Engineer: 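To start, I am sharing the structure in question, which I have written as structure tokens.
Convention: sequence-line order gives letters A, B, ...; per-chain numbering from 1. Worth saying up front: this structure is predicted, and the values here are computed from it rather than measured.
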Amino acid sequence: MKKLVLIDGNNVVYRAFFALPLLSNSQGMYTNAVYGFTTMLLKAIEEEKPTHLLVAFDAGKTTFRHNTFKEYKGGRQKTPPELSQQLPFVYQLLDAMGIKRYDLDNYEADDIVGTLSKRAKDAGFSVSIITGDKDYLQLVEDHVNVSLIKKGISDTVVYDTEKVRERYGIDPEGVIDLKGLMGDASDNIPGVPGVGEKTAIKLLKQFGTVERVYEQLDEVSGKKLKESLETNHDQALMSKQIATIDRDSPVLITLDDCAYKNKVTPELTELFHELGFQSLLEKMDLPEEEKSPTENPSIEVMVVTHFSEDQLVSPSALIVEMLDENYHYGDILGFAVANKSGTYFIQTVNGLNDSLFCSWLADRSKEKIVHNGKQAEVALNWRGLKLNGVIFDVGLASYLIDPAEAGQDLASVAKKRGITDVETDDAFYGKGAKRVIPEGDGQAGHLGHKAAALFALKPILAGELKTNQQEQLLSDLEMPLSRVLARMEFTGVQTSGETLKAMGRELDATLEVIEKDIYELAGVSFNINSPKQLGEILFEKLMLPAIKKTKTGYSTAADVLEKLRGRHEIIDKILDFRQLGKLKSTYVEGLLKVINPKTGKVHTCYNQTLTQTGRLSSTDPNLQNIPIRLEEGRKIRKAFLPSEPGWQIFSADYSQIELRVLAHIADDAHLKQAFIDGLDIHTKTAMDVFGVEKNGVTALMRRHAKAVNFGIIYGISDYGLSQNLGITRKEAGRFIEKYLESYPGVRHYMEDIVKKAKKSGFVTTLLNRRRYLPEITSRNFNLRSFAERTAMNTPIQGSAADVIKKAMVIMDRRLAEEHLKSRMLLQVHDELIFEVPEEEIERMKVVVPEVMEHAITLKVPLKVECAYGPTWYDAK
DNA sequence: CCACACACGC
DNA sequence: GACGTACGTGTGTGGG
């Protein structure tokens, strides 16, 4: 006989939460409700041995019952965030176990259960319902029983028709009449005042139903009772109606959909590990994890020396193997392809010489699945090859699904999804200095498994993206951007080694003088670059007051030294030495090391899957932190030139993009107006915070206001602001308070986003980029506060990143459409740098701001400022 | 080899 | 009252 088990998910999770202490896993995430629910679920499966299983959930706040009675479930305590945060894991758990879950707009879990139990009974199933809610007893009938959870989570009492009669003295159908008369405080159902369980049962035993009670009201004994029944006639009927479970609700799934196979998946093991459910893991008799991936017989990797047409079918997963050294210069260690025809490995030389393979790589119509395709594309470009037809990038996808887990090895991404037969590169090649490329054909197996995993991962990740509504973010933003970045990196930026060397010589001369001065002032020579030695000199030998300490000793950081200025001549010298030393080592010497001797250019690598906010990062060299604030440093920019004679460096930057994004997201009328009116935002903030007219804003006020603005977009704390401005915490607190009074929409946003993050466990940006903040419900003040500030900051910074990324994709197309020769070279978070032929300058002055300002339409205008000159330094 | 302190950018 | 601005990369020091 078929057996259907129906579980009221909300009820069981809720009971588990309150029955168990607030357990948490190693990451501080609460797990007690998930744990309790899991225990219940496993017990039910073991005892009931269901062939079909479904967990029903309540859909939302309002149901059809609210149409009849708008106070339904009124006055209920809000679900604690510690509980609601666990719900997603309950869903994940069910999905991993292959158990159907279902909710239905306007209906509650009990209606779903009622409907399916009826259908199942009619189809000849036996049905067990698991819940802690007595209301369900109304569903009991032949072949349908209810397991009512008693105190705690482990005890249940099974109610069949007989048991209901025994306990209440009425038939199961009578439960709704019971409710109609006695009401239900927990659902805010009124019933008839003065009628409790005893009286209600007595009445029902005598009359049968609520309606009958009223038909024969005269026969009711007791004057008071009669009166109360009489005056509350409508209320009693309404209460009965509300308490009635709808057994014909529009449930769209079928019984077949609920078919259940007891199977332990790798996803489940992974999830249990994540949740820290060690005891359950042991209990479940899990299969041993695959230890030696190459032993997996299901993937046979064929080593080929050239490809045939029928081996390169669409879609195919493609691995272009390189180790983590710089992909502009690194070797390709082989290729692997996986598709429905099989899994193939080809050595680099053979692949590069196989014209069929090379034209397949370049063919737009041949669909490819890759992992961080930018690397492959650039590496192929350096070999004169093209890569087209990439339809899915697993690296980018996993980054969007959870930026905290991305940027990882393909093996980790796969393992998380239950594909365990891929070795990490670290494991296969060894890590650090021990890294070697194994002899023989072991590599074919490794690459083959990677390619096969890639092929298998695509539908899984696509599904996850769909759930998160991030498909467009991948297909219309990050994947096209990957192509744009590849081109920018490959194009590179012309860099004058001579200019750098000349600057280096000057720096050397100056540094030598300063160094000598410092030794003289200190009375001894020492390593100025060693904070330890420097600390000893300053705070022990020269007896300067130590303001701040670090874990390891005295702090000699710039802000500390600033405060010691004027106390000793040596301080200024040290600050100068540090500043110039940094220029010399990082910028002059550092950049010289990475200029390509053949092209005279630097070719950065953008990491598109690293930052938690959605920004890019840049390495080898980092071209996003070239000095600009201090003139000495800024001169470094003179070394960056156009790559063609007579061209110009053209720079375009967003003005106040983050504050504009804030005005948009917070939808703050006052802040929006300020931008619409084109005001100087820091002056405007000063006017609001200090309550003065424009003419009354002093330079100091503006500086303070600017710091407040800066802090606001980073999720401010009074302490942070006080440090920044050198004022007391109280004063800083007053500034913030004043600010939030002036911009109530911003205050509301800040409070709201934290609440939302607590509820859902993540925050999102304009284009639905996500960041999870598990620590936002931590009891550790430190961790929680940090997560709260992150909740405020990430949508702002991340949305700004969305805007400029979108602008880059559009800009790239626009340059092509207009047949402009100008090239996009760099992105520095809120600015784009181009090299532009003289004759295109005027056009670019129009096109670039147009594209950037309209990349995404906000409720405030975006403003872009352009500049150009013969070097990056001059584009100011 | 790694953690740390420091300094550069947005 | 705790802690303590966001996000990054690179360099040099110094301990294991």
Engineer: Just verifying a value: how many Å separate A:Arg769 CZ and A:Glu478 CD, rounded to the nearest 0.5 Å?
Structural biologist: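 A:Arg769 CZ to A:Glu478 CD: 4.5 Å, rounded to 0.5 Å.
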Engineer: On a whole-Å scale, what distance lies between the P atoms belonging to B:dC6 and C:dT5?
Structural biologist: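 It comes out at 14 Å once rounded to the nearest Å.
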Engineer: Could you list the residues that satisfy salt bridge (charged side-chain N to carboxylate O under 4.0 Å, His left out) with A:Glu589, not counting sequence neighbours?
Structural biologist: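 Once residues adjacent in sequence are excluded, the partners of A:Glu589 under the salt bridge (charged side-chain N to carboxylate O under 4.0 Å, His left out) criterion are A:Lys584.
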Engineer: Rounding to an integer number of Å, can you tell me how far A:Asp620 CG sits from C:dG8 C1'?
Structural biologist: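 So the two atoms are 14 Å apart, to the nearest Å.
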Engineer: Give me the residues of residues 726-756 of chain A where at least one heavy atom lies under 4.0 Å from an atom of DNA chain B, by number, or none.
Structural biologist: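 When residues 726-756 of chain A is checked for heavy atoms under 4.0 Å from DNA chain B, there are no hits whatsoever.
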Engineer: Tell me the interatomic distance from A:Asn527, atom CG, to C:dG12, atom C1', rounded to whole angstroms.
Structural biologist: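 Nearest whole value for this atom pair: 8 Å.
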Engineer: With both distances under 3.5 Å as the test, what is the Watson-Crick or G-U wobble partner of C:dC3?
Structural biologist: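 Because no pair has both required distances under 3.5 Å, C:dC3 counts as unpaired.
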Engineer: Is it the case that A:Asn527 and A:Ser530 place a side-chain donor and acceptor less than 3.5 Å from each other?
Structural biologist: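 No.
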Engineer: With a 4.0 Å heavy-atom cut-off, tell me which residues in residues 758-794 of chain A come close to DNA chain B, sorted by residue number.
Structural biologist: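 Here the set is empty: none.
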Engineer: Is there a donor in the side chain of A:Thr777 and an acceptor in the side chain of A:Glu82, or the other way round, less than 3.5 Å apart?
Structural biologist: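 No, A:Glu82 and A:Thr777 have no side-chain donor paired with an acceptor closer than 3.5 Å.
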Engineer: Mind checking what makes salt bridge (charged side-chain N to carboxylate O under 4.0 Å, His left out) contact with A:Asp874, not counting sequence neighbours?
Structural biologist: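 With neighbours one apart ignored, the set is empty.
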Engineer: For A:Thr556 and A:Arg578, does a side-chain donor sit closer than 3.5 Å to a side-chain acceptor?
Structural biologist: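 Indeed, the side chains of A:Thr556 and A:Arg578 share at least one donor-acceptor pair under 3.5 Å.
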Engineer: Using atom P of each nucleotide, how far apart are B:dA5 and C:dA6 to the nearest Å?
Structural biologist: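 About 16 Å, rounded to a whole number of Å.
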Engineer: Rounded off to whole Å, could you give me the CG-to-C1' distance for the A:Leu592 and C:dG10 pair?
Structural biologist: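 To the nearest whole Å, that distance equals 15 Å.
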Engineer: Could you give the distance from CD1 (A:Ile712) to CG (A:Leu740), rounded to the nearest 0.5 Å?
Structural biologist: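 So the gap between those two atoms works out to 5.0 Å.
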Engineer: Going by the rule ring pair (Phe, Tyr, Trp, His ring centres under 6.0 Å), which residues pair with A:Tyr739 if we only count those two or more places apart in sequence or in a different chain?
Structural biologist: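 If we apply the ring pair (Phe, Tyr, Trp, His ring centres under 6.0 Å) test to A:Tyr739, skipping adjacent residues, the hits are A:Tyr743.
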Engineer: Heavy atoms under 4.0 Å is the rule here; annotate nucleotides 3-10 of chain B 5' to 3' with B where the base is hit, S where only the sugar-phosphate is, and - elsewhere.
Structural biologist: -SSSBBSB
Engineer: Looking across every strand, which nucleic acid part, if any, lies under 4.0 Å from A:Gly590 by heavy atom: base, sugar-phosphate, or nothing?
Structural biologist: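 The residue A:Gly590 makes sugar-phosphate contact but no base contact.
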Engineer: In whole angstrom, give the distance that lies between atom CG of A:Asn326 and atom P of C:dT9.
Structural biologist: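 From A:Asn326 CG to C:dT9 P: 14 Å.
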Engineer: Just checking, any donor-acceptor pair under 3.5 angstrom between side chains of A:Glu489 and A:Tyr327?
Structural biologist: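 Yes - a donor-acceptor pair under 3.5 Å links their side chains.
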Engineer: Counting side-chain heavy atoms from C-beta on, which of C:dC7, C:dG12, C:dG14 comes nearest to A:Thr611?
Structural biologist: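 Out of C:dC7, C:dG12, C:dG14, the nucleotide with an atom closest to A:Thr611's side chain is C:dC7.
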Engineer: Quick check on DNA chain C: between A:Leu610 and A:Lys532, whose nearest nucleotide comes earlier from the 5' end?
Structural biologist: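 Final value for this comparison: A:Leu610.
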Engineer: Roughly how many Å is it from CD in A:Gln612 to C1' in C:dA6, rounded to a whole number?
Structural biologist: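 After rounding, the gap between these two atoms is 12 Å.
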Engineer: Quick one: label A:Gln533 by what it contacts on the DNA or RNA (base, sugar-phosphate, nothing), any heavy atom closer than 4.0 Å.
Structural biologist: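 Since only primed, P, OP1 and OP2 atoms lie under 4.0 Å of A:Gln533, the category is sugar-phosphate.
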